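Everything below concerns the one structure shown next.
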Amino acid sequence: MSADLVPETRVLAVASHVVYGHVGNKMATLVMQSLGCDVAALNTVHFSNHTGYRQFKGTRATAEEIRNLYEGLCMSNLTDFDVMLSGYAPSAAAVEAVGSIGQDLQRKAAARPGSFFWVLDPVMGDQGRLYVNDDVVPAYKNIVQYADLILPNQFEAEVLSGIQITSLQTLAKAITTLHATYKIPHVIITSVQLSKLSPSQENPSPNSTQNLLTVIGSTTLSSGKPRLFRIDVPAIDCFFSGTGDMFAALTVARLREAVFADRNPDLRNTKSWVSGDDVRPTELPLAKATEKVLASMHNVLEKTNEARDVELAATAPASGGSEEVQKKEHLRRTKAGEIRLVRNVRFLREPTVEFKAKEWEGDY
């Protein structure tokens with residue numbers, strides 16, 4: 001096996017698809033294939049471009065269409081997947097269909113613990129608002145209990161836990177609640193700005209957090225309590241669509257790699273890949289994987305930001321204050337911010353880890 005490829009991994013990736021740009025399965029498939037994964041993409045929507053452009057054409061898959069595609073795989077015995085990665089689903093019924101696929105794959109693998117792992121990204125909203133219908137929320141609450149790892153952003157973690165994250169204590173409480181309520185073995189909250197949280201008197205947030213994004217992860221102990229770690233990365237002052245999909249796809253590959261490289265060779269044959277209680281948070285495969293994930297992402301986004309600046313400098317900004325002019329300027333800037341994945345694929349394969357996991361007591 002090539003040194004820059006992860007262990008052989010067959011992935012069923014269930015997410016959106018766009019013709020132009022890299023979000024959803026368009027992002028996830030290339031990322032995982034670049035690291036050596038064999039990816040079967042089941043697309044839940046087929047859009048011309050991502051919705052950040054505020055205009056698009058395309059179709060959404062119905063729950064029946066999603067089920068039919070999976071049934072077609074079953075008919076020909078094409079379901080020998082090691083991992084399922086599920087992302088955006090366009091309706092509550094579609095979320096339920098995806099959930100039934102994940103549960104069926106778990107049943108097929110039940111006799112071989114550790115042989116199947118479900119990574120679920122509960123795509124519901126961000127920045128304090130839902131961008132799915134309200135009925136999608138209870139649909140996700142019904143299926144997240146079956147996942148091995150969930151990857152909510154801060155807002156999605158609040159929705160699933162019922163806890164508003166306003167401080168370090170409530171952040172730890174939200175993760176603890178996710179573990180306890182849904183019996184999820186692994187949780188990563190993919191983006192938290194600690195500078196926006198209220199510091200505790202015992203552990204105030206330092207000024208240095210103002211330009212950092214923090215990823216908080218946890219794998220449960222046998223008692224169900226969290227083993228918390230955090231990784232701080234410099235924030236890049238730009239919004240990019242598809243970063244959650246890139247994080248999820250890299251996590252699939254790097255977590256499987258970390259499990260296979262673990263000092264305990266039996267971990268890969270352990271249900272949900274949960275390490276023994278003697279393993280410290282920073283030594284968890286989840287923490288080691290996340291270090292590599294963030295290293296790759298930071299490099300790719302830095303290169304994207306540089307290319308964005310060059311493209312914006314080379315194209316004249318729309319001038320004037322009319323609604324049409326504002327629309328043109330939004331489209332110009334959104335296009336310039338598309339993630340430059342293909343030209344920077346080397347950073348996916350050969351990350352230089354600068355941002356290390358730190359054990360975090362949670363301050364609760």
Side-chain angles (χ1 to χ4, degrees), residues 1-9 11 13 22-23 26-39 82-83 85 87 117 119 121 149 151 153 186 188-192 211-217 219 229-238 240-263 267-268 273 275 280-308 338-359:
M1 184 180 71
S2 174
D4 58 2
L5 297 181
V6 302
E8 188 170 334
T9 306
V11 183
H22 289 92
V23 302
K26 188 79 173 294
M27 167 70 79
T29 299
L30 178 55
V31 167
M32 291 187 287
Q33 287 176 334
S34 297
L35 291 171
C37 299
D38 189 358
V39 182
D82 304 300
V83 179
L85 171 60
F117 193 93
V119 179
D121 185 0
L149 164 64
L151 304 173
N153 59 34
H186 309 275
I188 298 177
I189 299 184
T190 55
S191 57
V192 181
N211 296 314
L212 295 175
L213 283 177
T214 300
V215 171
I216 305 289
T219 295
F229 64 87
R230 62 181 279 185
I231 304 177
D232 301 311
V233 296
I236 297 175
D237 188 20
C238 184
F240 305 104
S241 293
T243 53
D245 304 305
M246 179 161 46
F247 186 99
L250 284 165
T251 298
V252 166
R254 293 305 183 187
L255 179 56
R256 188 162 162 86
E257 175 187 59
V259 167
F260 272 62
D262 193 79
R263 66 186 184 187
L267 182 60
R268 70 185 73 174
W273 300 341
S275 301
R280 304 301 304 172
T282 53
E283 295 302 311
L284 292 167
L286 194 65
K288 293 180 177 297
T290 306
E291 289 175 345
K292 284 192 171 185
V293 168
L294 292 174
S296 290
M297 287 188 66
H298 189 71
N299 289 147
V300 171
L301 294 180
E302 277 188 323
K303 293 297 183 182
T304 296
N305 203 37
E306 293 170 7
R308 171 185 175 273
E338 289 278 8
I339 294 178
R340 273 42 170 210
L341 188 65
V342 176
R343 299 283 292 185
N344 295 294
V345 75
R346 67 187 185 278
F347 295 116
L348 305 180
R349 291 177 175 160
E350 301 172 358
T352 301
V353 175
E354 299 177 56
F355 319 112
K356 302 290 288 185
K358 302 174 185 177
E359 192 165 338

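Keep in mind it's a predicted model, so treat the numbers as computed, not measured.
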Where is the tightest heavy-atom contact between [X] and [Y], given as atom of each residue plus distance?
X: V353; Y: A295; result: CA-CB, 4.0 Å
X: F355; Y: P234; result: CE2-CD, 3.3 Å
X: T304; Y: E338; result: CG2-O, 3.5 Å
X: F247; Y: V293; result: CD1-CG1, 3.6 Å
X: T282; Y: A357; result: CG2-O, 3.4 Å
X: N305; Y: C238; result: OD1-CB, 3.7 Å

Using the test side-chain contact (heavy atoms from CB on, under 4.5 Å), find all partners of [X] that sit at least two apart in sequence or belong to another chain.
X: K358; value: R230, D232
X: N153; value: D126, F155, E156, T190, S191
X: A28; value: N25, M32, L85, A249
X: T9; value: V6, V11, C37, D82, V83, R256

Who are the side chain to side chain donor-acceptor pair (under 3.5 Å) partners of [X], not counting sequence neighbours?
X: R268; value: none
X: E350; value: none
X: T290; value: none
X: H22; value: none

Measure the spacing between [atom1] of [X] and [atom2] of [Y] and express it to the nearest 0.5 Å.
X: L149; Y: L286; atom1: CG; atom2: CG; value: 6.0 Å
X: F347; Y: R340; atom1: CZ; atom2: CZ; value: 14.5 Å
X: E302; Y: N344; atom1: CD; atom2: CG; value: 10.5 Å
X: M246; Y: T251; atom1: CE; atom2: OG1; value: 11.0 Å
X: E257; Y: L35; atom1: CD; atom2: CG; value: 8.0 Å
X: T214; Y: I231; atom1: OG1; atom2: CD1; value: 10.0 Å

Are any non-hydrogen side-chain atoms of [X] and [Y] less than 4.5 angstrom apart?
X: E354; Y: V233; value: no
X: F229; Y: V215; value: no
X: S275; Y: L267; value: yes
X: D38; Y: E8; value: no
X: L341; Y: M27; value: yes

Set of salt bridge (charged side-chain N to carboxylate O under 4.0 Å, His left out) partners for [X], sequence neighbours left out:
X: R280; answer: E359
X: E291; answer: K356
X: E283; answer: K288

Problem set entry | side-chain contact (heavy atoms from CB on, under 4.5 Å) between K292 and L250, intermediate numbers included | CA-CA 8 Å; K292 284 192 171 185; L250 284 165; over 6 Å; no
For this session: Kindly write out the residues that satisfy ring-ring contact (aromatic ring centres under 6.0 Å, His included) with F117, not counting sequence neighbours, or none if the list is empty.
Result: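 Expected list: H186, W273.
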